[in-house]
Amino acid sequence: MTVRTLSAGQDIVRDADRTTQCCLVVQGWTGRYKLLTRGRRQIFSFHVPGDIPDLESLFRPVMDHSVATLTKATVAFIPHESLRELIAAHPGLAAVFWRSTLIDGAVFRAWMLGLGRRSAFEHMAHLFCELYLKLRAVGLAGDGRCPLPITQVDLGDALGLSNVHVNRVLQVLRGQKLISLHSSTLVIEDWPALVRISEFDPEYLGLEKLVAT
């Protein structure tokens, strides 16, 4: 295993790469994305410490998307062969990894629903609920506060919105006293209202019995 610290905006693995290792996020944020012509980017998911965003490469070694750092990040690179040996020695890990990929699929479906059927306001509210619970699960959030170190451009590329539209939706969320933002920290001012507006059901995240406060 190799551990590296990368600056923001660096590709960890690129679309069409044939990879022989997976990456574990130790610190910082990363994201899966794909580029269209003229540099248009769609972010498919955000990943925080504890996530392995390219676990599927263990079985599908040719990447169909890229993974990049969104902030300064520390990443551990684990060779596929080492993971296979670990699974052989501890067969229960196969179920853990399988569950992780199933949760990834559930997150993708939630994001697709947001892109296709939720308003921008509802979609952003839903994303903030998701991020808060994910960060709380790894001890990085609590009391309605969590880090949000990503840019408005990153938010727009995840939500399918222009930078101007992202700014406008953030202003509405603030104006309705649902959230506030302070120095890259998201403060959820009214969790019940945010959940109600976005129709957020945390079941898809697989965080049983985790209730936000």
Atom pair OG (S198) and CG (L127), whose distance is rounded to the nearest 0.5 Å: 10.0 Å

CD-CG distance between E130 and L205, expressed to the nearest 0.5 angstrom: 5.5 Å

Show the atom names and distances, to 0.1 Å, of all donor-acceptor pairs under 3.5 Å that link a side chain in residues 150-160 to residues at least two apart or in another chain.
residue : atom : partner : partner atom : Å
T151    : OG1  : V153    : N            : 3.3
T151    : OG1  : D154    : N            : 3.0
T151    : OG1  : D154    : OD2          : 3.2
D154    : OD1  : R41     : NH2          : 2.8
D154    : OD2  : T151    : N            : 3.2
D157    : OD2  : R41     : NE           : 2.6
D157    : OD2  : R41     : NH2          : 2.8

Which atom of I197 lies closest to which atom of Q176, heavy atoms considered: CD1-OE1, 4.4 Å

Check: residues 19-26 side-chain donor-acceptor pairs under 3.5 Å, at least two apart:
residue : atom : partner : partner atom : Å
T19     : OG1  : Q21     : N            : 3.3
T19     : OG1  : Q21     : O            : 3.0

V13: hydrophobic cluster co-members (side-chain, 4.5 Å): L6, I12, M63, V67, V75, F77

Inter- and intrachain pairs under ring-ring contact (aromatic ring centres under 6.0 Å, His included), touching residues 23-71, at least two apart: F46-W111

For Q10, all residues meeting side-chain hydrogen bond (donor to acceptor under 3.5 Å, both in side chains), sequence neighbours excluded: S7

Side-chain donor or acceptor of T69 paired with backbone N/O of G9 under 3.5 Å: yes

Trace of the side-chain contact (heavy atoms from CB on, under 4.5 Å) decision for L131 with L148: CA-CA 9 Å; L131 291 175; L148 190 69; 4.0 Å; yes

Test item: R174 and L170 side chains (from C-beta on) under 4.5 Å apart, heavy atoms: yes

Distance in Å, E189 CD paired with R145 CZ, rounded so as to fall on 0.5 Å steps: 8.5 Å

Euclidean distance, K72 NZ relative to Q27 CD, rounded to 0.5 Å: 8.5 Å

ring-ring contact (aromatic ring centres under 6.0 Å, His included) partners of residues 85-109, not counting sequence neighbours, each pair once: none

Gap between atom CG of D64 and atom CG of D15 - 0.5 Å precision: 6.5 Å

I103 reachable from L135 in the ILVMFWY side-chain graph, under 4.5 Å edges: yes

Other residues, nucleotides, ligands: >12 heavy atoms within 6.0 Å of R60 CZ: no

Trace of the side-chain contact (heavy atoms from CB on, under 4.5 Å) decision for L194 with F200: CA-CA 8 Å; L194 206 66; F200 180 75; over 6 Å; no

Value rounded to 0.5 Å, distance of CG in L58 from CD in E81: 9.5 Å

Salt bridge (charged side-chain N to carboxylate O under 4.0 Å, His left out) assessment of K177 paired with D190: CA-CA 7 Å; K177 300 189 183 329; D190 191 338; over 6 Å; no

